[in-house]
A.B. asks: 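Encoded as structure tokens, here's the structure I'll be asking about.
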Amino acid sequence: MRFVHYKLPKGTIPLVRTKLRSAIILTNEHDEVALIRREKENALYYVFPGGGVELGHTAEETAVREAYEELGVHVELEGVAAYVAFNGELNPYFWARVTNGEFGTGTGEEFQAEQTNGSYTPIWVKRSALSRLPVRPPSLAELLTTNPERFFDKTLAED
């Protein structure tokens, strides 16, 4: 999560949470993309591994941390594929490659037994199938489906 300061009339300066997120795009030799399958409150959708940027952390640090927590792999970032405008933020999605670890062994809070916010399942999905699934953000799924080559610094809008 990112925080911004603003001044109240009496001169106090509280912290306000914003919704900046950071995520990765991880592909394999079978032209598949790593996603998190989410089942939550009678809804099924897929998201790219990632999470909220916390105070004192960068978007890059967040992407690397979330890859390990959600997928069980250590990654190296290879540039920003796209910035997705959502909730008033430009959220970066980084190309990533695995340097170590085992896919599917994530131990983040999403996978703890006491977690009650639906299920999180790391899966590989064929790139050609992305646009036919309820992937969030859909604009990025569509771009990945129609562009077999890597792209960089695209700006997409979901707002």
Side-chain angles (χ1 to χ4, degrees), residues 1-3 17-40 43-87 89-131 133-156 158:
M1 292 172 216
R2 191 168 55 131
F3 295 82
R17 194 167 96 185
T18 64
K19 298 177 182 173
L20 180 66
R21 296 183 50 77
S22 176
I24 65 164
I25 302 170
L26 182 64
T27 59
N28 65 19
E29 65 277 5
H30 304 293
D31 203 30
E32 296 171 320
V33 178
L35 295 176
I36 304 295
R37 183 179 194 262
R38 293 283 288 119
E39 290 185 64
K40 178 179 168 183
L44 169 66
Y45 58 95
Y46 302 82
V47 295
F48 294 86
V53 178
E54 298 172 357
L55 180 64
H57 294 263
T58 66
E60 293 84 355
E61 291 168 335
T62 299
V64 169
R65 182 192 73 239
E66 292 289 338
Y68 183 71
E69 289 178 0
E70 295 184 354
L71 302 177
V73 296
H74 295 279
V75 298
E76 180 178 285
L77 303 181
E78 300 179 323
V80 175
Y83 296 93
V84 180
F86 184 72
N87 285 333
E89 299 280 0
L90 280 177
N91 302 281
Y93 285 74
F94 296 92
W95 289 111
R97 70 174 185 82
V98 174
T99 59
N100 201 348
E102 183 179 341
F103 186 87
T105 62
T107 58
E109 65 184 40
E110 300 91 342
F111 302 103
Q112 303 306 313
E114 64 274 1
Q115 189 276 126
T116 60
N117 197 17
S119 68
Y120 296 75
T121 308
I123 62 169
W124 290 105
V125 174
K126 282 285 191 193
R127 183 190 287 238
S128 60
L130 291 175
S131 64
L133 296 173
V135 177
R136 297 179 183 173
S139 59
L140 182 56
E142 181 65 32
L143 190 59
L144 282 164
T145 301
T146 59
N147 289 279
E149 301 299 320
R150 287 195 172 195
F151 47 85
F152 292 90
D153 298 321
K154 300 287 186 185
T155 301
L156 307 171
E158 294 296 326

A.B. asks: Indicate yes or no: at least one non-hydrogen side-chain atom of F86 is less than 4.5 angstrom from one of K19.
C.D. replies: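 No - every pair of side-chain heavy atoms lies 4.5 Å or more apart.
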
A.B. asks: May I ask you to test the L20-P92 pair for a side-chain heavy-atom distance under 4.5 Å?
C.D. replies: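 Yes - at least one pair of side-chain heavy atoms lies under 4.5 Å apart.
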
A.B. asks: Below 4.5 Å, heavy atoms only, C-beta onward: do E39 and S119 meet side chain to side chain?
C.D. replies: yes

A.B. asks: Taking the cut-offs as 6.0 angstrom to the six-membered ring centre and 45 degrees off its axis, would you call R38 and Y120 a cation-pi pair?
C.D. replies: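 Yes, a cation-pi geometry holds between R38 and Y120.
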
A.B. asks: Could you tell me the separation between the CH2 atom of W95 and the CG atom of L26, rounded to the nearest 0.5 Å?
C.D. replies: 10.0 Å

A.B. asks: When R150 is tested against each of L144, T27, I25 for side chain to side chain contact (heavy atoms under 4.5 Å, CB included), which residue passes?
C.D. replies: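 Exactly one candidate clears the test, T27.
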
A.B. asks: Can you list the residues that meet the salt bridge (charged side-chain N to carboxylate O under 4.0 Å, His left out) rule with E142, with sequence neighbours excluded?
C.D. replies: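 Partners of E142 by the salt bridge (charged side-chain N to carboxylate O under 4.0 Å, His left out) criterion come out as none, since no residue qualifies.
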
A.B. asks: Under a 4.5 Å cut-off applied to non-hydrogen side-chain atoms, are L140 and L130 in contact?
C.D. replies: no

A.B. asks: Can you give me the closest heavy-atom contact between P137 and Y93, atom names plus distance?
C.D. replies: CD-OH, 3.4 Å

A.B. asks: Checking E76 now: which residues fulfil salt bridge (charged side-chain N to carboxylate O under 4.0 Å, His left out) with it, not counting sequence neighbours?
C.D. replies: R97

A.B. asks: Any idea which heavy atoms bring P49 and I36 closest together, and the distance?
C.D. replies: CA-CG1, 4.2 Å

A.B. asks: Keeping the roles fixed (side chain from N28, backbone from H30), state whether a donor-acceptor pair exists under 3.5 Å.
C.D. replies: yes

A.B. asks: Under a 3.5 Å distance rule, please check whether T145 uses its side chain to pair with a backbone N or O of S131 as donor and acceptor.
C.D. replies: yes

A.B. asks: If you take all heavy atoms of L71 and A34, which pair is closest and at what distance?
C.D. replies: CD1-CB, 4.2 Å

A.B. asks: Using 30° and 60° as the class boundaries, would you call the ring planes of H74 and Y68 parallel, tilted or perpendicular?
C.D. replies: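 Parallel: the ring planes of H74 and Y68 meet at under 30°.
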
A.B. asks: Which heavy atom in F94 sits nearest to a heavy atom in A59, and how many Å separate them?
C.D. replies: CE1-O, 3.8 Å

A.B. asks: Sequence neighbours left out, what passes salt bridge (charged side-chain N to carboxylate O under 4.0 Å, His left out) with R65? Give chain and number order.
C.D. replies: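 Here the qualifying residues are E54, E69.
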
A.B. asks: How long is the straight-line distance from CG of L77 back to OG1 of T99, given to the nearest 0.5 Å?
C.D. replies: 10.0 Å

A.B. asks: Before giving the answer on side-chain contact (heavy atoms from CB on, under 4.5 Å), spell out for V135 and V33 the whole-Å C-alpha distance, their side-chain angles and the decisive distance to 0.1 Å.
C.D. replies: CA-CA 11 Å; V135 177; V33 178; over 6 Å; no

A.B. asks: Minimum heavy-atom separation for I123 to V125, with atom names?
C.D. replies: CD1-CG2, 3.5 Å

A.B. asks: Is there a side-chain contact between S139 and E158 in this structure, where contact means two heavy atoms from C-beta onward sitting under 4.5 Å apart?
C.D. replies: yes

A.B. asks: Any sub-3.5 Å donor-acceptor pair from E70's side-chain atoms to G108's backbone N or O?
C.D. replies: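 Side chain of E70 to backbone of G108, a donor-acceptor pair under 3.5 Å: no, none is there.
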
A.B. asks: Looking only at heavy atoms, what is the nearest atom pair of E78 and F152, with distance?
C.D. replies: O-CE2, 3.3 Å

A.B. asks: Counting only heavy atoms from other residues, nucleotides and ligands, does the tally under 6.0 Å from OH of Y83 exceed 12?
C.D. replies: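 Not buried by this count: 12 neighbours or fewer within 6.0 Å.
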
A.B. asks: To the nearest 0.5 angstrom, please state how far the CZ atom of R127 sits from the OG1 atom of T146.
C.D. replies: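 One gets 9.5 Å once the value is rounded to the nearest 0.5 Å.
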
A.B. asks: With heavy-atom distances below 4.5 Å as the criterion, would you say the side chains of F48 and L35 are in contact?
C.D. replies: yes

